Structures are given as C-alpha cells and as structure tokens.
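This report concerns only the one structure given below.
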Amino acid sequence: MIKTLIPSLLIMVSFSTFSFGQDLSTHRWENRLLIILSTSKDNPKYKQQILEFEGSPMKMKERKLLVYQVTPKAYRKGLDEHTGWSEGDALFKKYKTENSDFEVILIGLDGGIKLRETTLITAEKLFALIDSMPMRSSELRKQGEK
C-alpha cells in the first residue's frame with residue numbers, strides 16, 4: 001500500500017506545483033503583471049521588448065510590476081536571462097488572442113487586462129499608463145503621507 005501511495009502523492013504534488021506556477025491569480029492585489037508573449041524565443045520583437053525593460057528594474061519594482069515571458073510551451077518569471085524556463089502552455093493558451101507572433105499584456109492589481117499590444121511598447125509609455133491608473137495614484141498619495 002505504501003509503495004503505491006508515495007508515487008501517487010509525488011505525482012499529485014508535481015501537478016499541483018505545475019498548475020500553481022501558471023496561476024497568475026496568486027498575484028492579484030499584490031503585483032501588476034506584464035506578460036510578454038511570443039511564438040518563439042528568437043523573435044526579434046520579443047528580444048527587443050525584453051531589452052527595453054531590463055534597464056528599469058527600480059521603476060518596475062516601484063510600480064509592483066512583475067514580468068512573465070511566455071512562449072507556446074514554456075514560461076519564466078522575470079527578465080533575468082539566467083532564470084530557468086518552466087514547461088507549460090497554459091499561460092500561452094489563456095492570453096494569446098491576436099493573430100500575431102508577439103503580444104504585450106498588462107494586467108492590473110485587480111486582475112483585469114489594462115493593455116494589449118502587438119507592437120513594442122516603451123518603458124516610458126508603460127510607466128505613464130500605470131501612473132495614470134487610480135490605484136497607482138492612491139499608492140503615490142499614501143507614500144507621500146509617510
């Protein structure tokens with residue numbers, strides 16, 4: 001009995017960890033998400049978009065912004081090229097809607113989609129959009145009161 005129970009538990013734990021890794025609702029009310037989707041890791045627009053945001057880590061942190069890089073079969077959190085990729089297609093299937101090889105999606109603290117682009121977006125444009133949002137304005141007011 002124990003011999004069959006342990007492998008079954010290991011399988012269940014690995015599947016639940018896999019699913020949890022692709023469940024972005026865990027970020028709701030904690031982080032804004034920037035999802036960069038591409039049909040290929042070699043896509044020039046994808047590579048350029050990553051480079052655009054790599055130079056702004058503090059500005060991203062100030063805005064509670066996390067990046068997810070997503071391809072058809074894998075995803076990773078963050079911008080660090082040394083971060084490993086996790087296997088999975090759920091994020092790609094859930095968020096890829098345009099007939100394009102590249103998309104950028106901004107998800108707000110409330111879990112709603114605030115921006116969807118199929119062209120490159122500058123860090124300045126993204127930060128200006130976030131800064132114009134009511135929740136961000138509230139955050140800035142609270143910071144000013146401290």
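Values in this document were obtained by computation on a predicted structure and should not be read as measured data.
Residue pairs that meet the side-chain hydrogen bond (donor to acceptor under 3.5 Å, both in side chains) test with at least one member in residues 51-65, sequence neighbours left out, are Arg63-Asp131. Residues in residues 121-130 take part in no side-chain hydrogen bond (donor to acceptor under 3.5 Å, both in side chains) pair, two or more places apart or across chains.
Ile121 is connected to Ile50 through a chain of hydrophobic side-chain contacts under 4.5 Å among Ile, Leu, Val, Met, Phe, Trp and Tyr, so both are in one cluster. When the side chains of ILVMFWY residues are joined at heavy-atom separations under 4.5 Å, either directly or via intervening members, Phe127 and Val104 end up in a single hydrophobic cluster. Both Leu120 and Leu115 are part of a single hydrophobic cluster, where members link through side-chain heavy atoms under 4.5 Å apart. Residue Leu106 is not grouped with residue Phe92 when hydrophobic side chains (ILVMFWY) are merged at heavy-atom distances under 4.5 angstrom, including chains of intermediate members.
Considering all non-hydrogen atoms of both residues, Leu79 and Gln69 come closest at CA-NE2, 3.6 Å. Taking both residues in full, the closest heavy atoms of Arg116 and Thr97 are given as NH1-OG1, 3.1 Å, listed atom of the first, atom of the second, then distance. Across all non-hydrogen atoms, the minimal contact from Asn43 to Ser38 is CB-OG, 3.2 Å. Between Leu109 and Met135 the shortest heavy-atom distance is CB-SD, 3.9 Å. The two residues Phe53 and Leu34 make their nearest non-hydrogen contact at CE1-CD2, 3.6 Å.
To the nearest 0.5 Å, atoms NZ (Lys142) and OG (Ser137) are separated by 12.0 Å. Taking CG of Asp110 as the reference point, atom CE of Met133 lies at 8.5 Å (rounded to 0.5 Å). In this structure, Thr71 OG1 and Tyr46 OH are separated by 7.0 Å, a value rounded to the nearest 0.5 Å.
Two residues are said to be in side-chain contact when any heavy atoms from C-beta on lie closer than 4.5 Å; Leu65 and Ile130 meet this criterion. Within the 4.5 Å cutoff, no side-chain heavy atoms of Leu126 are placed close to those of Glu117. In this structure the side chain of Met60 reaches within 4.5 angstrom of the side chain of Val67, judged on heavy atoms. Two residues are said to be in side-chain contact when any heavy atoms from C-beta on lie closer than 4.5 Å; Gln49 and Phe102 meet this criterion.
Exactly one residue among Leu24, Ile105, Ile36, Ile107 makes a side chain to side chain contact (heavy atoms under 4.5 Å, CB included) with Tyr68. That residue is Leu24. Just one residue in the list Val70, Ile35, Leu37 forms a side chain to side chain contact (heavy atoms under 4.5 Å, CB included) with Tyr75, and that residue is Val70.
For Asn31 (side chain) and Leu33 (main-chain N/O), no donor-acceptor pair under 3.5 Å exists by modelled atom type. Side-chain atoms of Arg76 come within 3.5 Å of backbone atoms of Thr83 as a donor-acceptor pair (strictly under, hydrogens ignored).
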(request) Apply the test side chain to side chain contact (heavy atoms under 4.5 Å, CB included) to residues Leu91 and Lys96: give CA-CA distance (whole Å), side-chain angles for both, the deciding distance (0.1 Å), then the verdict. (result) CA-CA 8 Å; Leu91 290 176; Lys96 184 77 171 99; over 6 Å; no
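With sequence neighbours excluded, the residues that form a side-chain hydrogen bond (donor to acceptor under 3.5 Å, both in side chains) with Lys45 are Asp101.
Note on Lys73 versus Glu87: no salt bridge recorded, every NZ/NE/NH1/NH2 to OD/OE distance being 4.0 Å or above. Electrostatic pairing of Glu139 and Arg136 counts as a salt bridge here, judged by a charged N lying under 4.0 Å from a carboxylate O.
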